[in-house]
Amino acid sequence: ETPIIQQPNFHQKHLTLPFAQNYFTWNHVRLPPELLFHPVDLFHFPFYTMPVVRNYKSIVTIHDITYEVHPEWYSWRGWLAMRFFSRYAAQHADKILTDSNSTKHDIIKYYGVSEDKIVTIYLGVEERFKKIRDLSALEQLRAKYRITSPNVILYVGSIHTRRNIEQLLRAFSMLCQKMPDIQLVIVGKREYPYLDIQALIDELALP
């Protein structure tokens with residue numbers, strides 16, 4: 001099957017700004033005039049917000065609204081920016097896509113959006129994530145990360161308090177009492193709000 005970017009009716013156009021080029025300026029400064037002079041029927045915004053000025057139907061993806069449910073997890077700037085623009089997008093988009101029914105219910109509760117407007121689409125897995133069939137490569141990977149047990153729990157994601165890693169470690173500590181050979185592998189980048197994993201490991205006396 002031909003990838004979508006190679007289809008004859010697919011065209012790429014790169015938009016740039018000569019200054020302060022970031023998601024906010026692209027979304028609210030660069031994109032609106034572009035779509036005003038080159039109108040589209042429908043535009044999908046994959047990350048929480050969309051321009052205030054627009055002349056087309058819109059879909060916005062809101063992955064979660066933890067900044068509403070747990071504002072203490074965010075800096076005041078992050079909380080203020082996400083809260084205002086995400087609320088606006090939720091209330092003015094023609095459709096909302098989200099990753100889970102939990103977030104769907106949060107959007108309904110906090111933003112007063114009709115349930116009919118929200119569609120839940122669970123996240124998929126890229127094709128590059130597949131079973132390793134090269135046994136030598138698998139053994140090298142196990143040796144590199146000191147994985148010695150056939151029983152492994154894998155966490156992949158950002159490392160901060162919002163991901164509930166503390167409860168994961170506490171549950172793992174309880175599981176170790178029944179399965180002493182089990183291992184937990186945590187893969188991700190540390191982000192704000194930071195979690196002191198090593199302090200928690202020491203508290204739980206995990207190996």
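For the numbers below, each heavy atom of this structure counts, side chains included, while hydrogens, waters and symmetry mates do not.
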Query raised in the report: Can you say whether the rings of Y67 and Y48 are parallel (under 30°), tilted (30 to 60°) or perpendicular (over 60°)?
Result: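 Ring orientation, 0 to 90° scale: perpendicular.
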How far does [atom1] of [X] sit from [atom2] of [Y], to the nearest 0.5 angstrom?
X: Q167; Y: I165; atom1: CD; atom2: CD1; value: 11.5 Å
X: I59; Y: M50; atom1: CD1; atom2: CE; value: 11.0 Å
X: L206; Y: Q198; atom1: CG; atom2: CD; value: 9.5 Å

Check whether any side-chain N or O of [X] sits under 3.5 Å from a backbone N or O of [Y] as a donor-acceptor pair, and report yes or no.
X: H70; Y: T66; result: no
X: K117; Y: Q91; result: yes
X: D106; Y: I65; result: no
X: S158; Y: K189; result: no
X: D196; Y: A199; result: yes
X: Q183; Y: S149; result: yes
X: R30; Y: T25; result: no

**Report entry** Verdict with supporting geometry, R170 and E203, salt bridge (charged side-chain N to carboxylate O under 4.0 Å, His left out)
**Finding:** CA-CA 10 Å; R170 293 189 183 281; E203 175 192 333; 3.1 Å; yes
**Report entry** T120-D99 side chain donor-acceptor pair, cut-off 3.5 Å
**Finding:**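 On atom types as modelled, these side chains do not qualify, holding no pair under 3.5 Å.
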Query - Minimum heavy-atom distance between T103 and I62, given as atom pair plus value - result: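 For T103 and I62, the tightest heavy-atom pair comes out as CG2-O, 3.9 Å.
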Report task. Considering non-hydrogen atoms only, spot the tightest contact between E127 and K130 and give its length. Result ->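 That closest heavy-atom pairing would be O-CD, 3.7 Å.
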Report task. Please indicate whether D41 has more than 12 foreign heavy atoms, meaning atoms of other residues, nucleotides or ligands, lying under 6.0 Å from its CG. Result ->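 Result for CG/D41: open.
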Query raised in the report: Are there more than 12 heavy atoms of other residues, nucleotides or ligands under 6.0 Å from atom OH of Y56?
Result: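 Yes, enclosed.
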Query raised in the report: Would you call K109-E68 a salt bridge at under 4.0 Å N-O?
Result: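 So K109 does not pair with E68 through a salt bridge.
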Query raised in the report: Salt bridge check: are E191 and R163 linked by an N-O gap of less than 4.0 Å?
Result: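 Salt bridge flag = no for R163 with E191.
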Query raised in the report: Is L31 reachable from Y88 through a run of I, L, V, M, F, W or Y residues, each pair having side-chain heavy atoms under 4.5 Å apart?
Result: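 Linked, Y88 and L31 end up in one cluster.
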Query raised in the report: L204 and L168: same hydrophobic cluster, using ILVMFWY side-chain contacts below 4.5 Å?
Result: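 Cluster IDs for L204 and L168 match.
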Query raised in the report: For the ring pair F45 and F47, is the centre-to-centre distance below 6.0 Å?
Result: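 No, the ring centres sit 6.0 Å or more apart.
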**Report entry** Residue among L184, I147, V187, I186 satisfying side-chain contact (heavy atoms from CB on, under 4.5 Å) with L154
**Finding:**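 Exactly one candidate clears the test, V187.
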Query raised in the report: After noting the C-alpha distance and the side-chain angles of T98 and H63, does the key distance pass the side chain to side chain donor-acceptor pair (under 3.5 Å) rule?
Result: CA-CA 5 Å; T98 192; H63 298 282; over 6 Å; no
